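If you're wondering where the values come from, they're calculated on a predicted model, not measured in any experiment.
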Amino acid sequence: MKFRKVAACCAATSFLVCSAAVSAQDGVIRSFDRAFFDRFSPQSALEMINRVPGFSLEEADEDRGLSQGGTNVLINGRPITGKGDTATTQISQIAPDSVLRIEVIDSGTLDIPGFSGLVANIVTQKTSVSGSYLWEPEFKERQAPALANGNLNLSSSLSNVDLSFAADLTSIRVDFVGPETLTTADGELFETRDETFTIQGDEPSLSGSLRWDRSNGHILNAKTSFTWLDLARDQVSESMAVTARGLSGLNAGGFGQDQIDARFDTDYSFPFAQGTLKLISVAALEHSDAMTRIAIDDPSGLPLDRRGFDEESTSTEAIARFEQTWSGSEGRSWQLAGEGAFNQLELETNLLSFNTADPDIVTSSSRSETTIEERRGEATLAHSRGLSSKSDLQISLGTEYSTIEQGAVQRHFVRPKGFVSYTTRPRDNWTLSARAAREVGQINFRDFAASVSLFEEVTRENNPELVPEQSWVLTGRAERRFRDGHVASMEVEHELISDLVDRIPLGESGDAIGNIPEANQTTLDTALTLIGKPFGLDGAQLDLRGIWRWSSLTDPIEGFDREIGGIRTKDLSADFRHDIAGTSWSYGFTFQDLEVAPSYQSTLVQLRNVPAGGLTPGDNIAFVEHRDLFGFRARLTVSEFLGRVSRFERVIHEGRRDITPVDRIEDRRRTLGGPFWGLSVGRTF
């Protein structure tokens, strides 16, 4: 079955390739001037990017260094340096009045190594002072209103210096209410639970950027951001025994977390050695304090158990990188790059038991401290060249050396990496590309250390032998642009993974994050943008996207073939917007449908977001908008109006699942309590 699905994907791609026949010029496939976006009344360049037909913004990789490429957006033809949401943050600080146009470019024509597929180039102009502000309160039936949601963006140009500033506040208000059943392996119900799970928090952030563009080719970019998170999760479960095996009583748990993230990015480029040299640095700090408490009482309220788990962590990252680029004639360029990085995690945990009569008295504690460090260096040489007016080639070869250290355990790795990418434009409305890459993954340092989840009663052990995974990645992509503005694309990607990071058995009954020798994954990503005017619906646009994943590995405990644990096997979305011609009114909707593969641990198998009640969990949002209500853009939204149900099922064994029988099956169904109402009021200046 899996082979037939993969074969069908490849056949579909072959059809797209064979249907194409001759050429885009200058790499610019489509261009959208400022007037195109007026009907959306955008509050930032980020909103404008999200409204470009047939284009999807991709964030830079958060994991391993800076490397080549990054996000698929340029500003005035130059890449955005940074990791994670750095690109989104910087784009959101660009005022709409500063944008002249947005160009969609075939990345194969760029003299910038690492890009693949389509790239958006935001072309800006100088402005004195401009900005925007948004107020976005949310109202949920079982939660206090989130009245403080919103953001403020300011930008200014002073001669050859551009400045920007942003302040943002996001309030988190979520709760799940519903029943849970506990059954034996043969389906006998022995306990029921009524549960409420609430998440509340606030996440304010500040960010700013500076750009100094001298006339002699010297350019300095500096960006900084600070984010604070105050989060609380509370769970109350009232259980009732159905048979003698079941328990009756009250189980209450609380989790609190305070976290601060700080990041500073700089890059400085200038003419050097008959080319351009760019020097890049990143410094990041994350500090988190977290505390979990569990209280179990009998039906009369008598305390039965009191436990806790405390965790304090500090992670730091420092990266220095240089990129020396030489650009020649006929679309040819060379780039020599080197990068050094230092990552460290300091983690302290404490598992606590309390006196049931006096919960202020600690009866036992198990404290653990660990420090994990990685020192890494890499060097790459990349070459781009135009083979003809219709095709381009990019090649990058490199290697990295890393040392991972945890206590007395020190390991060294040398890993090759690189890619070959070919792009052709057989006709003006077709772009075809193929890419082969050798990639090295990044380990989450928390995976090395032991961890305890009191909510789910799961313990994970320490595993200092964890290594980064590697993969061969083969990608083929085809895009077709139609005369009326419609855009269709298809991408097929196949990964051959070695040392996959997943849960593995440790000893006779332990469980840890470790490496599975081999795995593979195939992804089919399709997208279709339809413009409404040819169908008699002027001002309308429908964006459809479907992502399917098939994967395979040998389960390290039971030896059967299964999917990679916890990956999204299906992600379908539909986004529709209609700006009614001749008016300031718009309306639209967004729907999303998700499926997630089961995840496997030594003693259990669990499945999250299983379809329940005929619905698969996903986003469903509808809105109506007025683009000029007394000078403001005002939008009313309603979400979760389909009565989404979240389902969580666990099959728990008495011990390791290959040698012990099933002990119980937990089936949890929770509603989100929709519909939810939201208001968005914004203005640019």
Side-chain angles (χ1 to χ4, degrees), residues 2-3 5-14 17 58 60-70 72 107-108 113-117 337 339 376 378-384 392-402 404 412-424 432-444 466-478 490-502 504 514-525 547-556 561-569 597:
K2 292 180 180 178
F3 174 78
K5 290 179 179 178
V6 174
C9 299
C10 296
T13 305
S14 298
V17 173
E58 297 175 1
D61 193 346
E62 181 64 53
D63 294 330
R64 198 162 189 81
L66 295 175
S67 193
Q68 297 165 325
N72 59 343
S107 63
F115 285 97
S116 61
E339 181 173 308
R376 181 179 56 81
E378 73 168 45
T380 58
L381 178 63
H383 176 54
S384 303
D392 306 278
L393 179 69
Q394 285 193 6
I395 301 175
S396 175
L397 299 175
T399 186
E400 75 165 45
Y401 172 82
S402 63
I404 298 178
H412 307 276
F413 304 95
V414 177
R415 301 280 174 82
K417 60 197 310 183
F419 66 86
V420 177
S421 177
Y422 172 76
T423 302
T424 183
L432 309 174
S433 64
R435 189 174 190 268
R438 179 63 169 174
E439 298 180 353
V440 180
Q442 168 68 8
I443 297 175
N444 183 339
L466 185 64
V467 302
E469 66 185 36
Q470 301 178 88
S471 56
W472 287 102
V473 184
L474 306 175
T475 307
R477 189 178 191 279
M490 176 182 291
E491 181 177 288
V492 179
E493 181 177 276
H494 185 65
E495 295 180 69
L496 301 173
I497 308 169
S498 57
D499 293 324
L500 175 76
V501 176
D502 205 331
I504 64 168
N515 297 104
I516 296 176
E518 295 180 350
N520 65 79
Q521 177 176 281
T522 300
T523 302
L524 172 63
D525 186 344
I547 302 174
W548 293 267
R549 291 186 180 90
W550 302 273
S551 61
S552 176
L553 61 85
T554 300
D555 185 79
D561 183 77
R562 64 169 174 86
E563 295 176 302
I564 297 174
I567 66 168
R568 288 188 176 185
T569 55

Closest non-hydrogen atom pair, Pro468 against Ile443: N-CD1, 3.3 Å
Pairwise side-chain contact, Glu491 with Thr475, heavy-atom cut-off 4.5 Å (strictly under): yes
Test log, rule side-chain contact (heavy atoms from CB on, under 4.5 Å), inputs Thr523 and Ile547: CA-CA 7 Å; Thr523 302; Ile547 302 174; 3.9 Å; yes
Rounded distance (nearest 0.5 Å) linking atom OG of Ser471 with atom CD of Glu518: 13.0 Å
Distance (rounded to the nearest 0.5 Å) between Trp548 CH2 and Arg568 CZ: 14.5 Å
Under-4.0 Å salt bridge between Arg477 and Glu493: no
Pair Arg549-Glu563, salt bridge (Lys or Arg N to Asp or Glu O under 4.0 Å): steps then yes or no: CA-CA 9 Å; Arg549 291 186 180 90; Glu563 295 176 302; over 6 Å; no
Under 3.5 Å: donor-acceptor pair, side chain of Glu469, backbone of Val501: yes
Ile567 side chain reached by Gln521 side chain, heavy atoms, under 4.5 Å: yes
Spacing of Asp555 atom CG and Asp561 atom CG [to the nearest 0.5 Å]: 9.5 Å
Thr423 versus Asp392, side-chain donor and acceptor atoms under 3.5 Å: no
Side-chain donor/acceptor of Asn515 to backbone N/O of Val467, under 3.5 Å: yes
Close side-chain approach of Gln394 and Phe419, heavy atoms under 4.5 Å: yes
Test side-chain contact (heavy atoms from CB on, under 4.5 Å) applied to Val414 and Thr399, step by step: CA-CA 7 Å; Val414 177; Thr399 186; 3.8 Å; yes
Stepwise side-chain contact (heavy atoms from CB on, under 4.5 Å) check, Leu524 with Met490: CA-CA 7 Å; Leu524 172 63; Met490 176 182 291; 3.8 Å; yes
Salt bridge (charged side-chain N to carboxylate O under 4.0 Å, His left out) partner of Glu400, chosen from Arg438, Lys417, Arg415: Lys417
Shortest non-hydrogen separation from Leu553 to Ala519 and the atoms involved: CB-CB, 3.9 Å
Trace of the side-chain contact (heavy atoms from CB on, under 4.5 Å) decision for His412 with Tyr401: CA-CA 7 Å; His412 307 276; Tyr401 172 82; 2.9 Å; yes
Residues which pass side-chain contact (heavy atoms from CB on, under 4.5 Å) with Tyr422, listed by chain and number, not counting sequence neighbours: Leu387, Ser391, Leu393, Thr424
Donor-acceptor contact below 3.5 Å, side chain Ser551 vs main chain Ile564: yes
Atom pair CG (Asn520) and CH2 (Trp472), whose distance is rounded to the nearest 0.5 Å: 16.0 Å
Pairwise distance CD1(Ile404) to CG(Leu466) - rounded to 0.5 angstrom: 7.5 Å
